[in-house]
There are 2 protein chains.
Amino acid sequence: MDETLEPQQEARQGSPQRATMADVAKRAGVSRTLVSLVLRDRPGAGAATRERVLKAADELGYRPDSAAQMLARGRSRTLGVLMNLEQPFHAEVVKAIYPAAAQLGYDVLLSAVAPGRDEHLATGALLGHRCEALVLLVSDPESHATERLGGTVPTVVVGRQATTPGVDSVHTAEAKGVRQAVDHLVDLGHRRIVHIDGGKGPGSADRRSAYRAAMRRHRLADEIRVLPGAQDEDAGIAAGMLLLSEDALPTAVLAANDRCAIGLMHALRSGGVDVPGEVSIVGYDDGNLSHLSHINLTTVRQDAAGIAGHAVRNAVERLENGTLPGRETVCDAQLVVRATTAPPR
Amino acid sequence: MDETLEPQQEARQGSPQRATMADVAKRAGVSRTLVSLVLRDRPGAGAATRERVLKAADELGYRPDSAAQMLARGRSRTLGVLMNLEQPFHAEVVKAIYPAAAQLGYDVLLSAVAPGRDEHLATGALLGHRCEALVLLVSDPESHATERLGGTVPTVVVGRQATTPGVDSVHTAEAKGVRQAVDHLVDLGHRRIVHIDGGKGPGSADRRSAYRAAMRRHRLADEIRVLPGAQDEDAGIAAGMLLLSEDALPTAVLAANDRCAIGLMHALRSGGVDVPGEVSIVGYDDGNLSHLSHINLTTVRQDAAGIAGHAVRNAVERLENGTLPGRETVCDAQLVVRATTAPPR
DNA sequence: TCTGGAATCTGGAGCGCTCCACTGTCGCGC
DNA sequence: GCGCGACAGTGGAGCGCTCCAGATTCCAGA
């Protein structure tokens, strides 16, 4: 950068150029190395000196340069998280990843998929920033390209089973969650229970097969019906439209996730269908929308904090432990009964 | 004897060593510098050599180390974005920031506020990663601490006017949007139009005063009523509850944002109130929820792409231009009439 | 008195990259 | 033949930090 001296810096922080460790050292009258020790809270510095260094650093508004740290350490202690900004559940998980990573001394970098920014690009950015491990909240199960990064860097896939050896996965006990949901509906007296599929979204394949299994367990194999869908409101709406166009409605629907459930609920209600009077709906995720008092969605709660914790721990373990076989961590699922399920008419 | 230092052990950390520029250079039989030139697509290399370098880089799976790049360049060409994972509108803006930044050759780093991770911490992380400029989608107008970073690093505040000199701001023409909304309601015949306040959220103060001004313009000063609130569903619900508990409902409500509007809508509907039959509702943002066919919210559309573009351009300009006075960019607002507004009974 | 070891502190090398100043090598006009 | 600019390519310095191998001090114990 050109050495354009900034004429008016805030007086408080003073330095036109970012303060370096050498500046702090000079001010405190010690060596760079010692400053480094003190700032990283390592033994090897006397109490008085320590104090002096800290004071000097504070006065200069010193901020360690993580780029230089990474370079020098040969490690970045940074975890990369690939997410979708539109999935509330991702937000939930990310919120829990921050403290989990911080606790283990890791930093977190977020990268989101967006139109024109696919998984590949987004993970590339993460890797370019020297993330030592990746947590993939988004990952196309069909193109294993992203997962295969596991060969390069420890990778944890969230929300579904990994299909590549050497890649960890953390996901919800979909079978349990779905079974609870189906059990609940059957207990209420439902038989015609439709499932809206989540397409390529995480967990969808498992939920689909768990739905089938649960239906069979209740000897309702004949009633099995899976509608194509996705994990968003539009898919729920589309499914709702489809159902409304048919002769008879099912009495209950297990949606791909909460967003899908909400879309479905709106579609049905605006089609004059009473929920849960005529049709019961069960969601999946238990994000911040579902517990809103008027949505009040019966849903399968995924343990975002648990998922985040395990994902981080697995990634770090793999990082510090070298090669490990791919592990699968299953987090608990819990049906939360609210107001969108009721006995069928 | 120092020169026979053995290379870093590979086995210990398990990770296969990441290929460096020197590796690529050796493989292609050229100097590091040339590799650097080729990879950055700079003139100074012959076509044949260029090809060879590219091939070598590809074969080694070479990935430039952005930490080293930053360090060497003295610049990171990275923009930091502070966001809230729970605001769909932020997601919208971020999605547009990516391409805008990429076009100017800048990288984007995301940092989210979360429980236990306040603005200060989140921006600290961004700064530690050497972001050269910050785009703040989140910023507490009361504590100017975050904004004051503008003294250190170019800062653009999104969603409200900056209160610190030397800090740019990009926000929607709240006055115009709100005026359109109020005009629309008045045109429909409404007089009792209540506004739910967005609390400390971005844009709230402007919307509040714009609401007051618009009401006065229509000689409805007596009908002005601002309910305390926030920019989320819960606030909408709370406001709805409050209104339901009163003797008479207003005929229209201008909500703090879409999320708030949705909360309100649900609260009113579950209280047996017809929307828009008895009460019309107008939101603000036009995020992905509002256009869902059953929510179908009349709302004020904020130009996320425009906001993102201006924020990025302003930040970069300030970066490359040295000192500039604080500028304010106002993006268009546009009322989108959908199905939650109708003439009063 | 000397020894040795803990506690404290220092200098230099080097992480992977970019930039600057430089060396060659052409080809072309005079 | 010479000069000269354009192009191709090289080597070294150094970004801010951490680590390693010492250097210095001080004091307990023989």
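So that the names make sense, note that chain A is the first sequence line, chain B the second, and so on, each numbered from 1.
Closest approach to the A:R130 side chain among D:dT10, C:dG16, C:dC17 is made by C:dG16 (side chain taken as heavy atoms from C-beta onward).
Side-chain nitrogen and oxygen atoms of B:T20 include none within less than 4.0 Å of the OP1 or OP2 phosphate oxygen of C:dG16. Here A:R42 does not reach the OP1 or OP2 of D:dT18: none of its side-chain N or O atoms lies under 4.0 Å away. Listed pair A:S36 / D:dT18 meets the phosphate criterion, a side-chain N or O lying under 4.0 Å from OP1 or OP2.
Nearest-nucleotide mapping onto DNA chain D: of B:A68 and B:A47, the residue sitting toward the 5' end is B:A47. Closest-nucleotide positions on DNA chain C for B:R40 and B:A67 were compared, and the one nearer the 5' end corresponds to B:A67.
Side-chain contact check for B:M83 versus B:L110: some heavy-atom pair is nearer than 4.5 Å.
Note on A:G46: only backbone sugar-phosphate atoms sit closer than 4.0 angstrom, heavy atoms only; bases stay farther off. No contact: A:S66 has no heavy atom under 4.0 Å from any strand. Within the nucleic acid shown, A:R32 comes within 4.0 Å of at least one base atom, counting heavy atoms only. A:R50 comes within 4.0 angstrom of no nucleic acid atom, judged by non-hydrogen atoms across all strands. Among the heavy atoms of the strands lying under 4.0 Å from A:P64 are primed sugar atoms or P, OP1, OP2 only; no base atom is included.
Whole-Å rounding puts the B:R73 CZ to D:dC15 P distance at 17 Å.
Evaluation of atom-type donor-acceptor distances gives no pair under 3.5 Å for the side chain of B:T33 against the base of D:dG9.
Crowding of A:E51 atom CD: a count of heavy atoms from other residues, nucleotides or ligands under 6.0 Å not exceeding 12.
Within the 3.5 Å criterion, the main-chain N or O of A:M21 finds no donor-acceptor partner in the side chain of A:R32.
Tested against A:H171, the residues A:Q161, A:H310, A:E328 include a single side-chain hydrogen bond (donor to acceptor under 3.5 Å, both in side chains) partner, A:E328.
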